Each structure stands twice: as structure tokens, then as C-alpha cells.
K.L.:
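Before I ask anything, let me first share the structure, which is written out below as C-alpha cells.
The structure displayed is predicted, hence computed values, not measured ones. Every number for a ligand or one of its atoms is a count from 1 in the order of the listing.
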Amino acid sequence: MNEKQKHMLDTIRREAKFTASYTGRQAFNERVMQAMQSVDREAFVSSQYKDLAFDNGPLPIGHGQTISQPYIVALMTDLVDVTAENIVLEIGTGSGYQAAVLAKLVRQVYTIEKIPELAELARQRLKTLGYNNIEVRIGSGYHGWHEKSPFDAIIVTAAATHIPQRLVDQLKPGGRMVIPVGLPYMHQELMLVIKSKSGAMHTESVLGVSFVPLVVADDEFPGGSSG
Ligand code: SAH
């Protein structure tokens with residue numbers, strides 16, 4: 001681990017402590033921290049941002065999108081509480097970084113990206129880096145990925161205006177989903193959704209966050225136009 005990477009992990013630990021009263025956790029699971037350590041964030045940003053790769057901030061990845069800040073990636077990964085046998089869905093592949101972190105922790109990651117160029121780049125990158133338990137699909141993730149469901153966990157890395165019911169439906173009983181909910185470019189709350197063994201949905205608000213919007217076409221909404 002180089003100095004910059006060590007600094008990134010220290011910053012995540014510090015911020016986890018600062019936000020403990022919101023998140024209910026003083027520190028993230030050591031498995032999650034190890035995954036954060038073992039994925040080289042530098043490989044997920046373009047050459048002009050390499051110097052900033054281990055700073056605790058989001059960075060542009062083109063097409064108006066961003067790679068999330070490392071602390072948020074660690075938090076979201078911690079919140080879904082995955083095990084090595086799990087199958088996980090991510091909505092919003094972006095650079096592929098969050099998918100790579102998840103891939104270190106679970107059996108299989110399925111990830112969906114709406115912008116074809118980003119999906120293609122992430123797919124190539126993950127292949128070059130040797131990840132063989134990540135499948136990238138081009139398309140909208142608003143309806144999830146029915147053929148691969150049910151999932152032990154779902155991570156949505158773009159802000160939705162509401163919790164999409166189809167995603168809840170594709171969670172296993174006992175499964176967990178993290179999703180930022182709120183208005184585009186306004187205040188959003190990172191929500192943790194837990195589906196109980198009986199199928200009931202429990203939601204809790206974790207932290208105020210800022211994500212790029214989950215883009216949903218009018219005809220994707222149940223019943224047609226969202227008005
Ligand atoms: N997880 C990414 C960061 C993603 S930024 C990473 O680790 O780098 C959010 C991504 O969600 C963007 O790439 C955006 O194009 C994508 N997105 C937005 N709406 C979407 C939708 N409906 N379905 C799939 N991807 C979507």
C-alpha cells in the first residue's frame with residue numbers, strides 16, 4: 001500500500017467516526033476496509049485525475065458523471081453487510097470502482113449502466129484488471145435485472161426520487177439495499193432498505209448525501225408518463 005492509499009484509508013476511518021451519530025457505526029467492517037485497500041482507485045480515473053485518485057472526493061469520469069468519494073463507497077458497502085456467498089446488484093456502474101470493491105467481498109456482482117460509453121469502458125477496465133465475477137449490462141437499472149434476481153443486496157449509486165418497487169421485489173427476504181433518495185442536485189438522503197424474512201420493507205435514513213440523478217425515462221414509470 002502506498003502513502004496516498006494509506007492516507008485514503010485513514011481519512012475513511014476518521015470520517016466514519018465523525019459520522020457515527022448518523023450512521024450508527026464508529027468504524028466500518030474490517031473486510032470492507034480490506035476491500036477498499038485492495039482496489040486501486042487510480043485505475044478507475046482518467047490520467048488527468050491520477051494525482052487526486054486517493055483524495056476523499058468525487059471525481060469526473062466524463063458524460064457529466066462522477067466516481068463517488070471513497071468514504072461513501074466504503075459506507076454503502078458497509079451498510080449492505082455482504083458475505084462471500086452473496087450475489088449483488090449495482091445500479092450505475094460509472095467507472096466500475098464500486099463494483100470492483102463489491103467484487104472483492106461477494107461471489108458475483110451484476111451492474112447496470114445507462115451510458116453505453118461508460119459501461120463499455122468499465123467493462124474493459126474490469127476485464128484488464130482481472131475481475132471475473134462482475135457482469136456489466138448496458139441499460140436502465142430502474143427495473144433492476146429480473147433474470148439475475150433475487151439479490152442479497154442492491155446498491156444504487158445515483159439519486160432516485162423514490163424507492164423503485166421493482167428493486168425491492170428483486171431483493172431476497174433478509175436482503176438489504178442502499179439508495180440515495182431525493183431531488184436531482186438537491187438534498188438527498190442515503191436510505192437503507194431492509195426486507196424482512198416475511199417480505200416486509202423497513203427503511204431508515206442514514207446520512208445526507210449528494211449524487212448525480214438516476215435518469216428514468218417517462219415510459220419506464222409504471223402507468224406511463226410521470227407527468
Ligand atoms: N458507482 C460508480 C459511480 C456512479 S455515478 C462508480 O463507482 O464509479 C452514477 C452512474 O449512474 C452514472 O454513470 C450514470 O450514468 C448512471 N445512471 C444514471 N441513471 C441510471 C439508470 N437509470 N440506470 C443505470 N445507470 C444509471
K.L.:
Please produce the table of protein N or O atoms sitting under 3.5 Å from N or O atoms belonging to ligand 1, one pair a line, distance to 0.1 Å.
P.N.:
unit_1   : atom_1 : unit_2 : atom_2 : d
ligand 1 : 1 (N)  : Glu90  : OE2    : 2.9
ligand 1 : 1 (N)  : Gly92  : O      : 2.9
ligand 1 : 1 (N)  : Thr157 : OG1    : 3.1
ligand 1 : 7 (O)  : Gln98  : N      : 3.0
ligand 1 : 8 (O)  : Ser95  : N      : 3.0
ligand 1 : 8 (O)  : Ser95  : OG     : 2.6
ligand 1 : 13 (O) : Glu113 : OE1    : 2.7
ligand 1 : 13 (O) : Glu113 : OE2    : 3.3
ligand 1 : 15 (O) : Glu113 : OE2    : 2.6
ligand 1 : 19 (N) : Val215 : N      : 2.8
ligand 1 : 22 (N) : Ser140 : OG     : 3.2
ligand 1 : 22 (N) : Val215 : O      : 2.7
ligand 1 : 23 (N) : Gly141 : N      : 2.8
ligand 1 : 25 (N) : Lys114 : N      : 3.2

K.L.:
If we count only N and O atoms by modelled type, under 3.5 Å, do the side chains of Gln98 and Thr77 hold a donor and an acceptor together?
P.N.:
yes
K.L.:
Apart from Leu183 itself, which Ile, Leu, Val, Met, Phe, Trp or Tyr residues share its cluster (side-chain heavy atoms under 4.5 Å, direct or through members)?
P.N.:
Met186
K.L.:
Between His7 and Gln5, is there a side-chain donor-acceptor contact under 3.5 Å, judged purely by atom types and distance?
P.N.:
no
K.L.:
Would you tabulate the side-chain donor-acceptor contacts of residues 66-75 under 3.5 Å, counting partners in other chains and residues two or more places apart, or write 'none'?
P.N.:
unit_1 : atom_1 : unit_2 : atom_2 : d
Gln69  : NE2    : Asn56  : O      : 3.3
Tyr71  : OH     : Thr19  : OG1    : 2.7

K.L.:
Taking the six-membered ring for Trp, are His162 and Tyr142 closer than 6.0 Å centroid to centroid?
P.N.:
yes
K.L.:
With a 3.5 Å cut-off and sequence neighbours excluded, list the donor-acceptor pairs that the side chains of residues 115-130 form with protein atoms.
P.N.:
unit_1 : atom_1 : unit_2 : atom_2 : d
Glu120 : OE1    : Arg123 : NH1    : 2.9
Arg123 : NH2    : Val136 : O      : 2.8
Arg125 : NE     : Ala43  : O      : 3.0
Arg125 : NH1    : Ser95  : O      : 2.9
Thr128 : OG1    : Gln124 : O      : 2.8

